[in-house]
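Step one of this worksheet: look at the structure below.
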Amino acid sequence: VKCLLLEYKQRDECFDFRILRDTRGRPAGVVWQTGAMRRALERTPEFMCLDARKTRANLEGWPYFAPVVLNSFGECQCVAEAFICSERKTAYEWLLHSIFDMTPNASPDEVRVVFSDGILDKGDINRFGLREAQWFLDGWHAYVNDIPDIVGRNTKWPKVKELVREWIFDVQDDERFNEVVSEIRMVLRHDPETLERLEKEYLRRSENVSGECRQHRRTQRCCVDANGDDTLSLSN
């Protein structure tokens, strides 16, 4: 693999890669970046989506990573690709450090919002060097796992399921966004404890995100486009 990557690098001076090794010096991962990927990160680093794909496309137990950003046209663009032997926090840390090491004209401090699954949290993102970034759980995991657990999977979840789906995946403008949030609050108004937890984890956080971020609704589709999955992955 290293010989192949070196051959690519000789053919194209814009191509670059990094190899992760374990404590015994054995290869544990590889990340590569083309010139187009580097330019995408340099131009629009503000909104980044991180996830690993371990099903269907991966038969050897090495998760595939394809971090993406959202450009000024609302389109997702891949900034690197990688295979790493496991989906651990240390893998994400190495991946982010490698990406910005290969992109010296982009600063980690320019990243404003990061979407990922529940493996990471805001503390991890900031510790990995994205010190100015807000963190949000991706919409798919929020919709399938986290929010149903908060509101009660077998009690109130059926009453708000469709509203939550619209709020995460389908809303196209701020007016409807606010309407859906109000409707969710109305349904849960007689359960203040549940409502307060949902407010803290999702509703108030989503309202406090900058207007610039909330205009980029298509961020939720970034990982879908990059990984070719058939399920929506990221929230607004």
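Just so it is clear, the structure is predicted and the values come from calculations on it, not from any experiment.
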May I have the step-by-step check of side-chain contact (heavy atoms from CB on, under 4.5 Å) for Arg185 and Leu195, ending in yes or no? CA-CA 7 Å; Arg185 286 170 172 156; Leu195 180 57; 4.1 Å; yes
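- With hydrogens and angles disregarded, a donor-acceptor distance shorter than 3.5 Å links the side chain of Arg112 to the backbone of Asp109.
- Arg26 contributes no side-chain N or O that, together with a main-chain N or O of Arg21, makes up a donor-acceptor pair within less than 3.5 Å.
- The SG atom of Cys78 sits 12.5 Å away from the CZ atom of Phe65 when rounded to the nearest 0.5 Å.
- The minimum heavy-atom distance linking Ile168 with Ala142 is given by the pair CD1-CB, 4.4 Å.
- Between the CD atom of Glu166 and the CD1 atom of Ile184 there is a distance of 9.0 Å, given to the nearest 0.5 Å.
- Distance alone, capped at 3.5 Å, is enough to place a donor-acceptor pair between the Asp138 side chain and the Asp117 backbone.
- Contact between Ala52 and Pro63 at its shortest, heavy atoms only, is CB-CB, 3.9 Å.
- A 4.5 Å side-chain heavy-atom check between Tyr202 and Ile150 finds at least one atom pair inside the cut-off.
- Ile147 and Met186 are not part of a single hydrophobic cluster, where members link through side-chain heavy atoms under 4.5 Å apart.
- Expressed to the nearest 0.5 Å, how far CG of Asn154 lies from CH2 of Trp157 amounts to 12.0 Å.
- For Leu130 against Phe100, the heavy-atom pair with the smallest separation is CD2-CE1, 3.9 Å.
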Carefully, step by step, assess Phe83 and Trp32 under the rule side-chain contact (heavy atoms from CB on, under 4.5 Å). CA-CA 9 Å; Phe83 286 104; Trp32 61 93; 3.7 Å; yes
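- In this structure the side chain of Phe15 never reaches within 4.5 angstrom of the side chain of Gln10, judged on heavy atoms.
- The CZ atom of Arg43 sits 14.0 Å away from the CD atom of Glu110 when rounded to the nearest 0.5 Å.
- Within the 4.5 Å cutoff, side-chain heavy atoms of Met102 are placed close to those of Arg18.
- Heavy-atom minimum distance, Val180 versus Leu163: CG1-O, 3.4 Å.
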Go through the steps for Trp167 and Tyr143 under the test ring pair (Phe, Tyr, Trp, His ring centres under 6.0 Å), then give the verdict. CA-CA 10 Å; Trp167 171 62; Tyr143 181 75; over 10 Å; no
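- At a threshold of 4.5 Å between non-hydrogen side-chain atoms, the residues Ile119 and Lys89 count as touching.
- Leu50 and Pro67 get closest at one heavy-atom pair: CD2-CB, 3.8 Å.
- Under a hydrophobic-cluster definition in which Ile, Leu, Val, Met, Phe, Trp and Tyr are linked whenever side-chain heavy atoms come within less than 4.5 Å, directly or via other members, Leu96 and Met37 are assigned to different clusters.
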Candidate pair Glu7 and Arg11, rule salt bridge (charged side-chain N to carboxylate O under 4.0 Å, His left out), full reasoning: CA-CA 6 Å; Glu7 181 180 341; Arg11 292 181 185 178; 2.4 Å; yes
Should Glu46 and Val113 be marked as a side-chain contact (heavy atoms from CB on, under 4.5 Å) after you check the CA-CA gap, both sets of side-chain angles, and the distance that decides it? CA-CA 6 Å; Glu46 292 83 7; Val113 178; over 6 Å; no
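- In terms of modelled atom types and a separation under 3.5 Å, the side chain of His141 and the main chain of Gly118 share no donor-acceptor contact.
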Output, in order, the C-alpha distance, side-chain angles, deciding distance and verdict of ring pair (Phe, Tyr, Trp, His ring centres under 6.0 Å) for Phe17 and Tyr8. CA-CA 10 Å; Phe17 68 94; Tyr8 286 151; 9.5 Å; no
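- Note that CG of Asp16 is 11.0 Å distant from OG1 of Thr34, once rounded to the nearest 0.5 Å.
- The two residues Val114 and Ala133 come nearest to each other via the heavy atoms CG2-CB, 4.0 Å.
- Clustering ILVMFWY residues whenever any of their side-chain heavy atoms sit less than 4.5 angstrom apart, transitively, puts Val1 in the very cluster that holds Tyr64.
- Contact of the Phe128 side chain with the Leu120 side chain is registered, since non-hydrogen atoms from C-beta on lie closer than 4.5 Å.
- Within 6.0 Å of atom NZ in Lys159, 12 or fewer heavy atoms from other residues, nucleotides or ligands are found, so the atom counts as exposed in its surroundings.
- A salt bridge does not link Arg88 with Glu93: none of the charged nitrogens is closer than 4.0 Å to a carboxylate oxygen.
- Atoms CG and OG, from Asp121 and Ser116 in turn, are 8.0 Å apart once rounded to the nearest 0.5 Å.
- In summary, the side chains of Gln33 and Thr103 do present a donor paired with an acceptor at a separation below 3.5 Å, with no hydrogens or angles considered.
- Leu198 pairs in a side chain to side chain contact (heavy atoms under 4.5 Å, CB included) with only one of the listed residues (Val160, Leu203, Asp146, Val164), which is Leu203.
- Counting heavy atoms of neighbouring residues, nucleotides and ligands inside a 6.0 Å radius, atom CZ of Arg176 exceeds 12 of them.
- For the pair Leu6 and Lys2, the minimum side-chain heavy-atom distance is below 4.5 Å.
- Contact annotation: the side chain of Asp191 approaches that of Lys156 to within less than 4.5 Å [non-hydrogen atoms, C-beta and beyond].
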Dump the intermediate steps for side-chain contact (heavy atoms from CB on, under 4.5 Å) on Ile84 and Tyr92, then the final yes or no. CA-CA 9 Å; Ile84 307 176; Tyr92 282 102; over 6 Å; no
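- More than 12 heavy atoms of other shown residues, nucleotides or ligands fall within 6.0 angstrom of atom CZ in Arg153.
- Counting heavy atoms from C-beta outward, Leu41 and Gln77 have side chains that stay 4.5 Å or more apart.
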